Amino acid sequence: MDFQKVIALATRRGIFQPAFDAYGGLAGFMDYGPVGVKMRRRILEVWRKHYVINAGCLELDGALVGPEALFQASGHLGEFDDALVDCADCGKQFRADHLIKGGEEMSRDALAEAISGTACPGCGSILSEMSSFNLMFSTKVGAGKGLSGYLRPETAQSIFLAFPWLLRQNRSKLPFAGAQIGRSFRNEISPRQGPLRMREFTQMEVEHFFLPNDEPKLPTSLESIEINLVPAKGKKNSTTIGNALRTGIIGSSLVATHLARAQNFLTGIGVAKDNLRFRQHGANEMAHYSSDCWDGEINTSLGWVEVVGVAHRGDYDLSAHGNFSSKEFRVPLPGTEREREVWVPNIGKLGKEFKGEAKSILEAIKDVDVKPDISIEVNGNSVTLSEEYMSKKTERGSEMVFPYVVEPSFGLDRILYCLLESSWKNDGEREWISLPQETSPYDLLVAPLMTKDGLDGKAQGILQSALDMGVDAYYDEAGSIGRRYARADEIGIFFSMTIDHQTLEDGTVTLRERDSKNQSRLSIEDALSKVRR
RNA sequence: GCAGGCGUGGUCUAGUCUGGUAUGACUAGGGGUUUCCAACCCCUCAACCUGGGUUCAAAUCCCGGCGCCUGCACCA
């Protein structure tokens, strides 16, 4: 199954198509159709079951537009921004920081200076002035000049900003994780390959917060999970998660935990384990925030496609927001509780005695440990403060630290594409999508063998009872029964139920299983309860 | 963003060189027939990416735009 065929299937069967087709299309944007929306819903349901319901992540649904300050703090305005130069003669375009030695460490201004007058590596002409291209979509918030705002380039920042709030919801206990499903936007220079590189896409992200000295251990239930690893240094190998952690291939127990969970999730929705690997980023591939990162990749006709990134972000994000914003993002570090006697200046007395100079004195002792008979320099004079100008106080507190975070971040659109491609089967006689029932768009096809003798009416009655009990059923009475099976197979409907004359006599139906084509004769009730998820 | 290739019903496609009624198949819809895996028969819907130019006449030739594919560059 190659890329073009998946795209054709997607259009034909209402899964997805390019958006704004009537106006010539707009690269990087897709619309999902009736079947595609159902598949997405199913994948999201499984994901929520894994992360929100079973793993207890706190779910959030954050705003899409954010203020400029947020993205200054997060680093996206600086780091997400490419400095470009192009050549007027040969038309080639380059990243400025790639042309200058050490350019990746330079400031913008230094880079602009260094690049000026540089020759084009392609043709030797002098390059244009440096311009910058930011991958975020910008907008104005409010009337008039308005505030600069940006569409979020990742859902993660919402969770980081909500950290103090979520922490209270979790009754101030660490570790905990926030989870979010939502759209993100990146103004890609050259989006291509349909659902694989989009300008608007859906992410499913978890931010797992923990104290630096108390990283969650790998649960024993995950230790023996087999996983394909491609470390940045060293050989590709298949081993257990527990072993990879013990031997240091994976450096962090929480990263290991999330690699295992990501694999469990992906195989649960129908990705074959042999088609799945986790590849570690090399140092130069790493994002600005990340200290260790593994990409979960699925093997497709287009090569290995990244569908999930598991990144150890350290305290990069929380400390950025803690330092830039007015909120406290730190937490007390357990075990560092302390109680000590400190001297504090008696401001009332200082004021009375020193009048106008009191302010300068207070300024001078602001950042020093005060104790009796301390000598300080004030306006060129040495002043000694005796015990009468201060008093003793008991100070309680803990060392405050920014929690660390490990982040698994899934791309829904890519996952759906990979699933379609890999679950497409063709045995020469028929073509079908072999998804597990959890992610099939429908549970059941209800089909009367013929549309006469009341078979269709009976079938519609059964359809209604199926829908009433929560079975996602699809009704089809057009064409031969074989054609209807074929149609159902092509969108991956898991079971088919056929109503014939015998149904009218004894209330039994034929139930067909999609992958095996096996049929069995069951009572309507038994069939429906078998089909129910 | 650059270079090359491409753009015809829902899908696949003929026609483009050499300008003149747009081909066929599949799918889909309606009807008939039919007792379980794309059966058959009749009918029907449905397309030249877009804007300009050349011409009596443009799907076809020329120019621009948009989109798709490939390569380069980019891709937290």
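Computed from a predicted structure; not experimentally measured. Per chain, numbering begins at 1; letters A, B, ... match sequence-line order.
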Looking only at side-chain atoms of A27(A), point me to the closest of rG1(B), rG29(B), rG67(B).
-> rG67(B)
Hey, can you pull the donor-acceptor pairs under 3.5 Å for the side chains in residues 443-456 of chain A, sequence neighbours left out?
residue: D443(A); atom: OD1; partner: R42(A); partner atom: NH1; Å: 3.4
residue: D443(A); atom: OD1; partner: R42(A); partner atom: NH2; Å: 3.4
residue: D443(A); atom: OD1; partner: Q437(A); partner atom: NE2; Å: 3.4
residue: D443(A); atom: OD1; partner: R533(A); partner atom: NE; Å: 3.4
residue: D443(A); atom: OD2; partner: R42(A); partner atom: NH2; Å: 3.4
residue: D443(A); atom: OD2; partner: D472(A); partner atom: N; Å: 2.9
residue: D453(A); atom: OD2; partner: H501(A); partner atom: NE2; Å: 2.8

Could R279(A) and W294(A) be counted as a cation-pi pair, given that NZ or CZ must be under 6.0 Å from the ring centre and within 45° of the axis?
-> no
rU27(B) to rG10(B) separation - C1' atoms, rounded to the nearest Å = 7 Å
CD-CD1 distance between E59(A) and I159(A), expressed to the nearest 0.5 angstrom = 9.5 Å
Is it true that F495(A) and Y474(A) have ring centroids separated by less than 6.0 Å?
-> no
For atom CG of D453(A) and atom P of rU33(B), their distance in whole Å | 11 Å
Who does rA59(B) pair with, Watson-Crick or G-U, both distances under 3.5 Å?
-> none
How far, in whole Å, is rG29(B) from rG7(B) if one measures between their P atoms?
-> 30 Å
When D489(A) is tested against each of R430(A), K517(A), K425(A) for salt bridge (charged side-chain N to carboxylate O under 4.0 Å, His left out), which residue passes?
-> R430(A)
With a 3.5 angstrom cut-off on both distances, give the Watson-Crick or G-U wobble partner of rC68(B), or none if there isn't one.
-> rG5(B)
F163(A) ring center near F209(A) ring center (under 6.0 Å) | yes
Return yes if the base of rG71(B) and the side-chain atoms of R192(A) contain a donor-acceptor N/O pair under 3.5 Å, otherwise no.
-> yes
Please report, rounded to the nearest Å, how far the P atom of rG29(B) is from the CD atom of E477(A).
-> 10 Å
Please tabulate, one pair per line, each protein N/O and nucleotide N/O from nucleotides 35-41 of chain B that are separated by under 3.5 Å, including the distance.
residue: rU35(B); atom: N3; partner: H501(A); partner atom: ND1; Å: 3.1
residue: rU35(B); atom: O4; partner: H501(A); partner atom: ND1; Å: 2.7
residue: rC36(B); atom: O2; partner: Y485(A); partner atom: OH; Å: 2.4
residue: rC36(B); atom: O2; partner: Q519(A); partner atom: NE2; Å: 3.0
residue: rC36(B); atom: N4; partner: D500(A); partner atom: OD2; Å: 3.2
residue: rC36(B); atom: N4; partner: T510(A); partner atom: OG1; Å: 2.4
residue: rC37(B); atom: O2; partner: R512(A); partner atom: NH2; Å: 3.1
residue: rC37(B); atom: N3; partner: R512(A); partner atom: NE; Å: 2.7
residue: rC37(B); atom: N4; partner: R512(A); partner atom: NE; Å: 3.4
residue: rC37(B); atom: N4; partner: K517(A); partner atom: O; Å: 3.0
residue: rC37(B); atom: N4; partner: Q519(A); partner atom: NE2; Å: 2.4
residue: rA39(B); atom: OP1; partner: R483(A); partner atom: NH2; Å: 3.1
residue: rA39(B); atom: OP2; partner: S480(A); partner atom: OG; Å: 2.5

Distance, C1' atom - from rU8(B) to rC40(B), rounded to whole angstrom | 31 Å
When rounded to the nearest Å, what value does the distance between C1' atoms of rU55(B) and rC61(B) take?
-> 10 Å
Using atom CG of L9(A) as one end and atom C1' of rU27(B) as the other, report the distance to the nearest whole Å.
-> 13 Å
Please report, rounded to the nearest Å, how far the P atom of rC74(B) is from the CD atom of E188(A).
-> 13 Å
Return the value, rounded to whole Å, for the distance between atom CG of D21(A) and atom P of rU50(B).
-> 11 Å
Expected output: side-chain D500(A) to main-chain T503(A) donor-acceptor under 3.5 Å | yes
Roughly how far apart, to the nearest Å, are rA73(B) and rA39(B) at atom P?
-> 50 Å
When the nearest nucleotide of RNA chain B is assigned to L26(A) and to E306(A) on a heavy-atom basis, which residue is associated with the more 5' position?
-> L26(A)
Could you work out the separation of rA22(B) and rA58(B) based on their C1' atoms and round it to a whole Å?
-> 13 Å
Distance between C1' atoms of rU60(B) and rC6(B) (Å, rounded) | 15 Å
If rG19(B) has a Watson-Crick or G-U wobble mate with both distances under 3.5 Å, name it; if not, just say none.
-> none
Go ahead and name the base partner of rC36(B); Watson-Crick or wobble counts if both distances stay under 3.5 Å, otherwise write none.
-> none
Roughly how far apart, to the nearest Å, are rG30(B) and rC45(B) at atom C1'?
-> 10 Å
Pick from K5(A), R12(A), R483(A): which one makes a salt bridge (charged side-chain N to carboxylate O under 4.0 Å, His left out) with E490(A)?
-> R12(A)
Where do E188(A) and R199(A) land on the salt bridge (charged side-chain N to carboxylate O under 4.0 Å, His left out) test, with the steps shown first?
-> CA-CA 6 Å; E188(A) 297 281 356; R199(A) 287 179 164 138; over 6 Å; no
Nucleotide rG51(B), atom C1' - distance to OH of Y23(A) in whole Å | 15 Å
Can you name the atoms? Protein N/O to nucleotides 9-12 of chain B N/O, anything below 3.5 Å, with the distance.
none

Which residue lies more 5' along RNA chain B, comparing A478(A) with R199(A) via nearest heavy atoms = A478(A)
Is there a donor-acceptor contact under 3.5 Å from the side chain of R152(A) to the main chain of R183(A)?
-> yes
Does OP1 or OP2 of rC75(B) have a side-chain N or O of Q193(A) closer than 4.0 Å?
-> no
Kindly compute the distance separating CD (Q180(A)) from CD (Q157(A)), expressed to the nearest 0.5 Å.
-> 10.5 Å
Here the distance between atom P of rC68(B) and atom CZ of F20(A), to the nearest Å, is 13 Å
